[in-house]
Amino acid sequence: MGKEALKLIPKVDVLLAQDALQGLEQDYTHDQLREAVRAYLDGLRAAVLDGTVQEVGTPEQVAADVANTLRRRGAYSLRPVINATGVVLHTNLGRAPLGHEVAQHVAQVAEGYSNLEYNLERGERGIRYAHIEKVICEVTGAEAAMVVNNNAGAVFLMLNTLCQGQGVAVSRGEEVEIGGAFRVPEIMVRSGANLIEVGTTNKTHLSDYQRALSEQGASALLKVHTSNFVMVGFTENVSVAELAQIAKPAGALVLYDMGAAPLYPLQIPGLGQQDTIKGLLKDGADVVCFSGDKLAGSAQGGILVGRKDLIDRIKKNQLTRMLRIDKMSLAALEMTMQLYRDPKQAAEKIPVVRMLAMDAEACRAHARALDERIANEVPGIGHQVLDVQDEVGGGSMPGVMLDGAAVAIDVPGLAAAELERRLRDVPKPVITRLYKDRVLVCVRTLQEGDDGLVCEALAEVARGVNTEGIS
Ligand SMILES: *Cc1c(COP(=O)(O)O)cnc(C)c1O
């Protein structure tokens with residue numbers, strides 16, 4: 001029939017009048033249904049034109065198809081997915097998942113009124129940041145702390161408050177772009193600080209910073225964590241402790257945009273010494289900032305810690321109002337910080353901490369269990385346990401590979417890329433890793449209940465292939 005079939009595609013209103021779509025009117029608004037029909041028809045038209053669809057069904061059949069698609073995809077654009085990529089802080093998948101207890105606490109705070117800016121003892125206006133400052137200081141050893149919307153905002157606020165109109169030395173090896181449109185040199189210009197570039201791309205010596213202080217009048221030395229790349233070979237950079245030794249006598253500040261920071265040395269098998277906030281402050285950093293939803297494993301936020309006089313100035317900056325953190329993130333951050341008081345609690349209740357701590361054997365055990373479940377619940381597909389290399393992600397620990405495990409899946413009659421795509425088109429999409437023409441379900445990042453849903457998704461995809469075969 002070919003392109004003739006275009007003429008047979010039913011009209012939107014005809015489809016909306018079919019029982020299958022009428023039956024969804026309780027769950028979806030009229031606009032949602034109309035939009036779903038339009039999107040479906042666009043896809044159908046394209047498929048007819050490129051020849052992948054030869055025949056168009058009756059209005060009844062098409063409406064049933066639209067209804068099924070809607071049911072599969074749910075009502076919302078933003079919705080939960082299963083992370084089977086093995087990348088713990090997956091930037092595209094919302095970075096850090098919150099633990100169940102933390103999420104429940106957030107829901108409680110959000111559902112009703114709260115004392116967000118109310119002092120319950122005095123019965124008068126309170127301060128939003130007061131809920132969290134003490135506990136952050138406790139777990140980081142800082143004198144003072146402040147939280148804003150995200151770490152990009154924290155960097156900007158720090159520079160704008162402390163360095164406006166003044167020279168700030170940054171190593172050429174640390175003039176990084178974080179992704180999106182966050183480039184350190186540009187952020188500095190926007191903040192009003194004057195960038196003084198020191199050193200070279202691969203090597204910056206203490207003497208380079210020294211010259212910036214004595215000859216170019218730098219008032220601060222800024223270190224930026226090179227979060228999303230590693231330099232190997234002939235390289236050198238200067239530690240916070242060394243910077244502090246030359247900055248203090250010159251009356252200059254040592255600032256550090258750490259990006260991803262663990263609150264305590266994370267138990268990551270095979271990984272050596274890590275910088276912690278506590279250590280950096282001890283070494284002489286004046287202000288350190290980091291993300292709430294990277295290694296800290298909480299909600300989006302930009303956390304600033306350091307000297308009280310400096311944090312006080314940051315708090316007074318008018319821009320804090322534009323960068324202010326909302327109550328839901330604040331609730332998540334407060335509870336996460338409290339969990340860090342006890343490393344055992346943190347390891348149990350902060351998913352990021354738990355996932356990073358999984359060693360190869362723990363991953364293999366999970367992969368074997370999933371493999372067995374697939375064997376029982378989804379007959380007729382290929383599956384095999386494999387060792388894989390997982391990643392921390394989120395531009396947090398570039399080059400660090402975590403020994404993990406996966407179940408490699410093979411559905412007869414389906415190319416790996418198509419299997420990967422279909423697993424994204426189920427009620428709770430499963431985002432897998434495509435590796436050497438195989439679909440890998442990496443277990444490190446699976447959460448409670450995900451194993452069953454992965455099996456359901458595989459069964460649905462396999463059923464689809466079988467019915468295709470019959471028709
Ligand atoms: C991630 C990162 C940022 C930006 O943090 P957001 O929380 O995404 O705003 C800034 N600096 C460094 C070094 C980073 O790694």
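FYI, the numbering just counts along the sequence from 1. Both counts, for ligands and for their atoms, begin at 1 and track the order of listing.
- Note on ligand 1: Arg95 sits in its first shell, one or more heavy atoms being nearer than 4.0 Å.
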Take Asn83 and His90 through the side-chain hydrogen bond (donor to acceptor under 3.5 Å, both in side chains) test and state the conclusion after the steps. CA-CA 8 Å; Asn83 178 3; His90 200 302; 5.6 Å; no

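- Atoms of ligand 1 found under 4.0 Å from any heavy atom of Ala152, numbered from 1 in the order shown, are 4 (C), 5 (O), 6 (P), 9 (O).
- Taking every non-hydrogen atom of His225 and a distance limit under 4.0 Å, the qualifying atoms of ligand 1 come out as 13 (C).
- If you check each of Ser291, Gly301, Gly292 against atom 7 (O) of ligand 1, the one with the closest non-hydrogen atom is Ser291.
- Using a 4.5 Å heavy-atom threshold, the side chains of Leu195 and Glu175 count as touching.
- Close to ligand 1: Lys294, with a non-hydrogen atom less than 4.0 angstrom away.
- Rounding to the nearest 0.5 Å gives a distance of 9.0 Å between NZ of Lys327 and OH of Tyr113.
- The pair Arg172-Glu197 counts as a salt bridge, with a side-chain nitrogen and a carboxylate oxygen less than 4.0 angstrom apart.
- Every atom of ligand 1 is numbered from 1 in the order shown, and the set under 4.0 Å from a heavy atom of Asp257 is 10 (C), 11 (N), 12 (C), 13 (C).
- Comment: Arg71 does not engage Asp27 in a salt bridge, judged by the lack of any side-chain N to carboxylate O separation of less than 4.0 angstrom.
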